[in-house]
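Not measured: the values here are computed from a predicted model. Position 1 is the first residue of the sequence, and the numbers go up from there.
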Amino acid sequence: MIPLAFCNGRARIVNICGGSGFLRKLYSMGLLPGEIITVINNMGGPILVEVRGARVAIGRGMAMKIYVEPV
């Protein structure tokens, strides 16, 4: 398990650490434990991921609280 901030390629969300507001925000974007995501851009600044066919930008601080395992 590694933070999303250090991931490239496809990964499965394993755990999200944060409060209820943080979780609600991620869940509304489709970022749920068990979802397969694809990291499109992780070269400084926000991380661009694709989940369920939609592209979402996530700040580095948020990405450090999302734990994934490479697929």
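- Here R12 pairs with E69 under the salt bridge (charged side-chain N to carboxylate O under 4.0 Å, His left out) rule; sequence neighbours left out.
- Under the 4.5 Å side-chain contact rule for hydrophobic residues, L32 and V14 do not share a cluster.
- L26 is not listed as a side-chain neighbour of I13, based on a closest heavy-atom distance of 4.5 Å or more.
- Taking the side chain as every heavy atom from C-beta outward, I2 and V68 approach each other to under 4.5 Å.
- Between R55 and L48 there is a side-chain heavy-atom pair separated by less than 4.5 Å.
- Applying the side chain to side chain donor-acceptor pair (under 3.5 Å) test to pairs two or more places apart or on separate chains, none has a residue in residues 18-30.
- V71 belongs to a hydrophobic cluster with I36, counting contacts under 4.5 Å between side-chain heavy atoms of Ile, Leu, Val, Met, Phe, Trp and Tyr, direct or through other members.
- For residues 35-46, the side chain to side chain donor-acceptor pair (under 3.5 Å) pairs, not counting sequence neighbours, are E35-R52, N42-R60.
- Looking at residues two or more places apart in sequence or on another chain, you find a side-chain contact (heavy atoms from CB on, under 4.5 Å) between P3 and F6, M64, Y67.
- Here M43 sits alone; no ILVMFWY side chain lies under 4.5 Å from its own, so it joins no hydrophobic cluster.
- Atoms CD1 and CD1, on I47 and I40 in that order, are 12.0 Å from each other to the nearest 0.5 Å.
- Rounding to the nearest 0.5 Å gives a distance of 5.5 Å between CD1 of I66 and CG of L31.
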